Protein chains: 2
Amino acid sequence: MRLSKRGEYGLRAMIMMAETPSPDAPLPMVQIKEIALREQISAKFLEQILLTLKNAGLLHSKMGVGGGYYLARPSKEITLGQIFRVLDGPVAPIKCVSQMAYEPCGCPDEQTCGLRLVMGDVRNAIADILDNTSLADVTKRQSTLRKKLGIKS
Amino acid sequence: MRLSKRGEYGLRAMIMMAETPSPDAPLPMVQIKEIALREQISAKFLEQILLTLKNAGLLHSKMGVGGGYYLARPSKEITLGQIFRVLDGPVAPIKCVSQMAYEPCGCPDEQTCGLRLVMGDVRNAIADILDNTSLADVTKRQSTLRKKLGIKS
DNA sequence: GAAAAGCCTAGTTGTATTATAGACTTTATT
DNA sequence: AATAAAGTCTATAATACAACTAGGCTTTTC
């Protein structure tokens, strides 16, 4: 039940972009190499991930000198579920309970298959969390926690 | 976020064994080839899986003619979480929130890492379901549903 | 026109999953 | 005692996928 590195890096990058305060600049842009440096990730690998996210409509970018990436929408309108699905595919642990990519799993009677019932619950529990947590929720939670712990950042 | 075939087959087999009514026999024994046939699985692959489950103490077996496998404990004392962990390892999507196999994941400040916070929630949600669902719960749920749908079996 | 950024696709490497094979042990039956 | 039916155990093949690496292309700014 693992999150892939693609998923992990992509989620981290998106959270970082949501965190980046937009000072004077019209757009809070962040560059691949900056993220790669801060997260200690291969820049080339991250590049692919951000490109995927961009092609999925979650990020926008600006080419050329002074360019970079920025969130396609306000951080409260982008959920972790959206990001996760783009990078790691369906949330469901087994295809026969997937909303995104249903496929029969070959049990004799799907309607009363016990495994399917339980895995359906698991799917829903995961999706509930990921689809109801926006990037804004994450950054808010982080800063609340930092304040509580008295950490400057 | 996928369940492996090992995990799927193992869980199915365990559910099937819990389902098998123990008629007169002292032990409700089931044979590899019977499970393989009913679930349309490679018998050799299933063999490895059941052996793993046996070595983990979840199954007992009897060798020789008329032998087979049976649950090591009553079905209400075996949880899906136990089975899952034996076959698929930790439930946590990311190591830094694993109870079973913690490992730092390399974020600058783990204590306030947003991804970690959310993945911790996901881990807990999954573990809550799997650790609180016993094989007996599954078979009960199946039979209730069958009755409700008027399916004989 | 050169440098700095992102865009895009293909290829490589390593590892885990899935499955297969086969020789061995135990038990029941005849 | 011999045979057949079952599980035990280990090795290995085949495949797939994840995680990267590489390199050329395009756009933008100065």
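Quick note on labels: first sequence line is chain A, next is B, and so on, each numbered from 1. Values reported hereafter were calculated over all heavy atoms of this structure, with side chains retained and with hydrogens, waters and symmetry mates removed. Since the model is a prediction, treat every value here as computed from it, not as a measurement.
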Asker: Taking the side chain of A/Ile32 as heavy atoms from C-beta outward, which of D/dT28, C/dC7, C/dG6 is closest to it?
Answerer: C/dG6

Asker: If I take atom CG in residue A/Asp88 and atom C1' in nucleotide D/dC17, what distance separates them, rounded to the nearest angstrom?
Answerer: 12 Å

Asker: Going by atom types alone, do B/Ser134 and B/Asp137 pair a side-chain donor with an acceptor below 3.5 Å?
Answerer: yes

Asker: Given atom CZ of A/Phe45 and atom C1' of C/dC8, what is their separation to the nearest angstrom?
Answerer: 16 Å

Asker: Are A/Val122 and A/Ile126 packed together at the side-chain level, in the sense that at least one heavy-atom pair is separated by less than 4.5 angstrom?
Answerer: yes

Asker: With rounding to the nearest 0.5 Å, note down the distance linking OG in A/Ser75 to CE in A/Met14.
Answerer: 10.0 Å

Asker: Tell me whether the side-chain N/O atoms of B/Tyr9 come closer than 4.0 Å to OP1 or OP2 in C/dT18.
Answerer: no

Asker: I want to verify a distance call: between C/dG6, C/dA21, C/dT25, whose nearest atom is closest to the A/Tyr69 side chain?
Answerer: C/dG6

Asker: Taking atom NZ of B/Lys54 and atom OG1 of B/Thr52, what is their separation to the nearest 0.5 Å?
Answerer: 11.5 Å

Asker: In terms of side-chain heavy atoms of B/Lys44, which of C/dA23, D/dA22, C/dA19 is nearest?
Answerer: C/dA23

Asker: Can you tell me the distance, in whole Å, between the CD atom of A/Glu47 and the P atom of D/dG24?
Answerer: 14 Å

Asker: For B/Gln31, which contact category applies under a 4.0 Å heavy-atom criterion: base, sugar-phosphate, or nothing?
Answerer: sugar-phosphate

Asker: Establish, with yes or no, whether the OP1 or OP2 oxygen of C/dA5 is under 4.0 angstrom from a side-chain nitrogen or oxygen of A/Lys33.
Answerer: yes

Asker: Would you mind reading off the distance between A/Leu46 atom CG and C/dA5 atom P, rounded to a whole angstrom?
Answerer: 15 Å

Asker: If you pin A/Gly67 and B/Gly64 to their nearest nucleotides in DNA chain C, which one's is more 5'?
Answerer: A/Gly67

Asker: How would you label the contact of A/Asn55 with the nucleic acid (heavy atoms, under 4.0 Å): base, sugar-phosphate, or nothing?
Answerer: sugar-phosphate

Asker: Output yes when at least one side-chain N/O atom of B/Ser4 is less than 4.0 Å from OP1 or OP2 of C/dT18, else no.
Answerer: yes

Asker: Check whether any side-chain heavy atom of A/Leu130 lies under 4.5 Å from a side-chain heavy atom of B/Val118, and answer yes or no.
Answerer: yes

Asker: Do any side-chain nitrogens or oxygens of B/Lys54 fall under 4.0 Å of OP1 or OP2 in D/dT8?
Answerer: yes

Asker: Distance check needed: D/dA6 C1' versus B/Met29 CE, whole Å only.
Answerer: 11 Å

Asker: At under 4.0 Å, does any side-chain N or O of B/Ser61 touch on OP1 or OP2 of D/dA6?
Answerer: no

Asker: Mind checking if B/Lys5 touches a base, just sugar-phosphate, or nothing, with heavy atoms under 4.0 Å?
Answerer: sugar-phosphate

Asker: Of the candidate nucleotides D/dA11, C/dC7, C/dA28, which contains the atom at the shortest distance from the side chain of B/Gln48?
Answerer: D/dA11

Asker: Minimum heavy-atom separation for A/Val97 and A/Met119, please, with both atom names.
Answerer: CG2-O, 3.8 Å

Asker: Which nucleotide in the list D/dC20, D/dT29, C/dA5 gets nearest to the side chain of A/Val65?
Answerer: D/dT29

Asker: Rounded to whole Å, please give me the gap between CG in B/Leu51 and P in D/dA11.
Answerer: 14 Å

Asker: Counting only side-chain nitrogens and oxygens, does A/Ser42 get under 4.0 Å of the OP1 or OP2 atom of D/dA19?
Answerer: no

Asker: Write down the distance between OH (A/Tyr70) and P (C/dA5), rounded to a whole number of angstrom.
Answerer: 16 Å

Asker: Starting at CZ of B/Arg12 and ending at P of C/dT18, how long is that distance when rounded to a whole Å?
Answerer: 13 Å

Asker: On DNA chain D, nearest-nucleotide positions of A/Gly66 versus A/Leu3: which is more 5'?
Answerer: A/Leu3

